[in-house]
Amino acid sequence: MTSTHAAPELSYLDHKVAMYRCQVALRQFEQRAYDLFLENFVKGTSHLSIGQEAIAAGVAAAMRPTDWTFATYRGHAHTLARGVPMTPIFAELMGRTNGLMAGKGGSMHLTSVEHGMMGSYAIIGAHLPIACGAAWSAQYRGTDQVAVAFFGDGSVNIGAFHEALNFAAVWKLPVIFFCENNLWMEYTRTSDVTAVANPAADRAAAYGLESIIVDGNDADAVYEVTSLAIARARAGEGPSMIEAKTYRHGGHSRADPGKYRPDEELAEWLLKDPIPLYRSRLLEMGVSEDDLLVLEADVDAEVETATNEAKAGGVPGEDLLLKDVWADGGASWRN
Amino acid sequence: MAQLTFREAIARGIAQEMRRDDSVVFLGEDVGAAGGVFKGTVGLLEEFGDVRVRDTPISEQAILGAAMGAAMTGLRPIAEIMFSDFFAVCWDIVANEIAKSRYMTNGQVTFPLVIRSGNGGGLRFGAQHSQSVENWAMMIPGLKVVVPSNAVDVIGLMAASIRDPDPVIFLEAKALYASKMDVPDGEIVDTLGSAKVLRQGSNATVVALGSMVPKALQAAEELATNGIECTVIDVRSLVPLDTTTILREVSATGRMFTVEENPRLCGWGAELASIIADEVFYDLDGPIVRITTPHIPLPAADALEDLAIPSVERIVNTIHKSMNS
């Protein structure tokens with residue numbers, strides 16, 4: 001299975017090509033996930049990252065394999081970007097035994113501890129204090145691991161956000177709080193319900209942190225600002241909060257066509273689509289059109305193979321139903 | 001052998017485990033320099049230092065979130081929620097995150113953590129600092145729930161909870177903090193999911209938890225003078241639940257009375273009553289009777305609080321009346 005994870009030892013240009021491949025893979029994966037919904041292979045809900053790929057790709061490229069990602073329910077892209085293959089993710093969305101969690105978690109809870117993907121959390125803001133705990137563990141054990149917690153602009157008005165920021169600041173924890181500001185809190189414009197213009201960055205000062213804003217549709221910019229924040233965290237200089245400006249091309253979730261957004265706003269952001277922008281940049285840097293076409297065809301094939309492998313997975317049965325409530329593998333609450 | 005209070009036993013239990021395992025860390029509000037608002041953690045900061053014993057801001061979600069994140073990455077944290085009523089402000093972390101994540105991830109993560117909390121009434125603190133919330137925790141799949149009733153059990157069950165690979169809600173009856181008993185020297189380690197038969201009698205089985213245990217014992221002594229001999233069981237652990245011991249002892253006497261501090265609806269005794277009715281119904285000689293706090297927020301006035309929480313007198317009268325009807 002091809003990995004979409006960018007290894008840090010790559011050459012300058014190879015590194016950028018890898019970040020491009022990652023973005024293309026995230027886009028193709030999400031488009032296929034949407035198609036599988038329409039075909040009723042995927043039940044329930046899902047929240048796609050189409051339009052926001054530069055963030056997942058740029059941040060993951062700045063992380064080491066031993067670092068930890070804590071994502072939201074909009075977590076397919078972050079899971080893929082940490083190197084989790086497509087097949088178990090598609091299979092998880094389809095509720096199959098070859099799913100990443102054998103179908104027990106679903107789209108909103110993708111987790112792969114072996115890849116440092118420490119979970120996708122579907123209660124707004126909850127994972128921010130949890131990421132603090134992982135960072136505390138690294139600090140206590142004297143490793144230089146860093147935790148990165150992604151969250152949306154809608155998360156900045158919930159209590160856990162503020163508790164986590166203060167907690168991380170006073171304990172100088174190696175954690176990066178990364179806001180993917182896509183301007184819309186579910187169906188409501190974030191600026192209509194938030195007292196400051198930059199929902200995360202304008203709050204940074206309240207916790208003694210630097211205000212950092214980055215173009216979330218530029219993977220290089222995301223990579224650079226994240227690398228700096230991670231370096232500070234590894235050096236024991238404490239947490240950072242980064243606010244990336246971006247846009248989701250679709251609605252909040254599967255059920256939402258996103259019609260509340262003005263056409264001109266969507267049109268404006270489609271012009272800022274991170275993937276064609278990055279592709280042009282690579283061509284300017286001397287990567288050949290042919291090489292990119294091969295790369296894109298390779299991702300297409302990966303998506304196709306993974307889709308078929310996922311569909312071939314079994315339907316989970318009763319053996320999984322009562323498994324792993326407890327560490328002993330069972331669900332017994334009495335003798 | 002030394003005489004220890006319940007509150008001193010808490011610090012001793014934690015210290016015992018922190019000495020043997022460097023991955024055990026402890027965090028909470030006022031737990032370090034102040035030694036805990038109930039003085040249950042005096043001396044821990046001095047012995048283990050401020051890297052392992054950490055005072056936190058008033059941020060219950062951050063405290064429990066940090067404990068969860070630390071537990072899933074190699075530590076064995078103990079977190080304190082000062083009053084169990086405060087679980088209401090961080091219940092998402094308990095009920096949605098800690099309790100569900102192992103199952104949702106198909107066993108990829110474990111949460112060896114303990115959340116200790118002062119629980120229940122008797123201190124005239126009023127409704128927001130007095131509720132007995134063991135039934136809140138018991139109804140969440142994925143949480144173990146431990147409620148000791150004396151100093152020796154505090155140490156042994158604390159050790160067992162810290163060593164357990166699953167999340168444990170450890171509820172300390174505030175009304176018992178000042179109670180004393182002789183405690184053996186040396187390491188004490190108990191077993192989760194084991195109820196204790198404290199007294200054997202042939203007429204009725206009284207099942208009690210936490211602060212209700214000494215009251216149930218005292219009631220049994222009084223009932224004995226009236227010719228009613230009771231078995232008294234200290235449940236000690238709601239999850240896992242030692243149904244083997246309870247079923248056996250209820251079958252032996254043919255009667256079960258529960259004594260519960262929680263407000264009535266969905267108290268742990270209701271679950272026990274259901275199990276008894278399902279599994280040993282034909283061994284019963286009379287109705288199962290639950291003696292509980294009424295379904296009310298707890299009042300502050302001493303006279304009212306004493307009316308609300310089951311008293312020795314109420315336990316005696318209820319059992320006496322039921323056994324003679």
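Excluded from the calculations below are hydrogen atoms, water molecules and symmetry mates; all remaining heavy atoms, backbone and side chain alike, are included. Lettering of chains follows the sequences in order, A, B, ..., and the numbering in each one begins at 1.
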Pick one of side chain, backbone, both or neither for [X], based on which atoms fall under 4.5 Å of a heavy atom in chain A.
X: B:Asp92; value: side chain
X: B:Leu143; value: backbone
X: B:Ile98; value: neither
X: B:Asp55; value: backbone

If we define contacts as heavy-atom pairs under 4.5 Å, which of [options] has the most with chain A?
options: B:Val239, B:Asn96, B:Asp242, B:Thr56; value: B:Asp242
options: B:Gly107, B:Pro77, B:Gly142; value: B:Gly142
options: B:Val109, B:Ile63, B:Leu64, B:Ile275; value: B:Ile275
options: B:Leu75, B:Leu27, B:Val51; value: B:Leu75

Please assess A:Leu128 against B:Gln61 for the test side chain to side chain contact (heavy atoms under 4.5 Å, CB included), listing each intermediate value before the final yes or no.
CA-CA 10 Å; A:Leu128 274 58; B:Gln61 294 182 77; over 6 Å; no
Does NZ or CZ of B:Lys144 lie under 6.0 Å from the centre of the six-membered ring of A:Trp333, at an angle within 45° of the ring axis?
no
Between [atom1] on residue [X] and [atom2] on residue [Y], distance to nearest 0.5 Å:
X: A:Arg141; Y: B:Ser23; atom1: CZ; atom2: OG; value: 10.0 Å
X: A:Glu92; Y: B:Asn106; atom1: CD; atom2: CG; value: 8.0 Å
X: A:Met101; Y: B:Gln108; atom1: CE; atom2: CD; value: 7.0 Å
X: A:Asp328; Y: B:Thr110; atom1: CG; atom2: OG1; value: 12.0 Å
X: B:Ile58; Y: A:Asn166; atom1: CD1; atom2: CG; value: 11.0 Å
X: B:Glu97; Y: A:Tyr121; atom1: CD; atom2: OH; value: 7.0 Å

On a heavy-atom basis, which atom in [X] and which in [Y] lie closest, and how many Å separate them?
X: B:Pro57; Y: A:Phe167; value: CD-CD1, 3.9 Å
X: B:Met68; Y: A:Ile130; value: SD-CD1, 3.5 Å
X: B:Ala70; Y: A:Trp136; value: CB-CE3, 3.7 Å
X: B:Ile93; Y: A:Pro129; value: CD1-CG, 4.4 Å

Can you tell me which portion of [X] sits under 4.5 Å from chain B's heavy atoms? Options are side chain, backbone, both or neither.
X: A:Gln139; value: side chain
X: A:Asn335; value: both
X: A:Trp68; value: side chain
X: A:Ala131; value: neither
X: A:Ile158; value: neither

Would you check, one step at a time, whether the test side chain to side chain contact (heavy atoms under 4.5 Å, CB included) holds for A:Tyr140 with B:Arg54?
CA-CA 12 Å; A:Tyr140 178 81; B:Arg54 300 202 67 164; over 6 Å; no
Any side-chain heavy-atom pair of A:Trp326 and B:Asp164 under 4.5 Å
no
Would you call B:Met104 and A:Lys104 a side-chain contact if the rule is heavy atoms closer than 4.5 Å?
no
Hey, does the side chain of A:Arg334 reach the backbone of B:Leu241 with a donor-acceptor pair shorter than 3.5 angstrom?
no
Looking only at atom types and distance, does a side-chain atom of A:Asp324 sit under 3.5 Å from a main-chain N or O of B:Tyr103, one as donor and one as acceptor?
no
More than 12 heavy atoms of other groups within 6.0 Å of A:Glu237 CD:
yes
Of all of A:Ile123, A:Leu110, A:Leu100, A:Val113, which one pairs up most often with chain B through heavy atoms under 4.5 Å apart?
A:Ile123
For chain B, find which of A:His127, A:Gln145, A:Glu163 contributes the most heavy-atom pairs closer than 4.5 angstrom.
A:Glu163
Just by distance, no angles: are the side chains of B:Thr105 and A:Thr111 close enough, under 3.5 Å, to form a donor-acceptor pair?
no
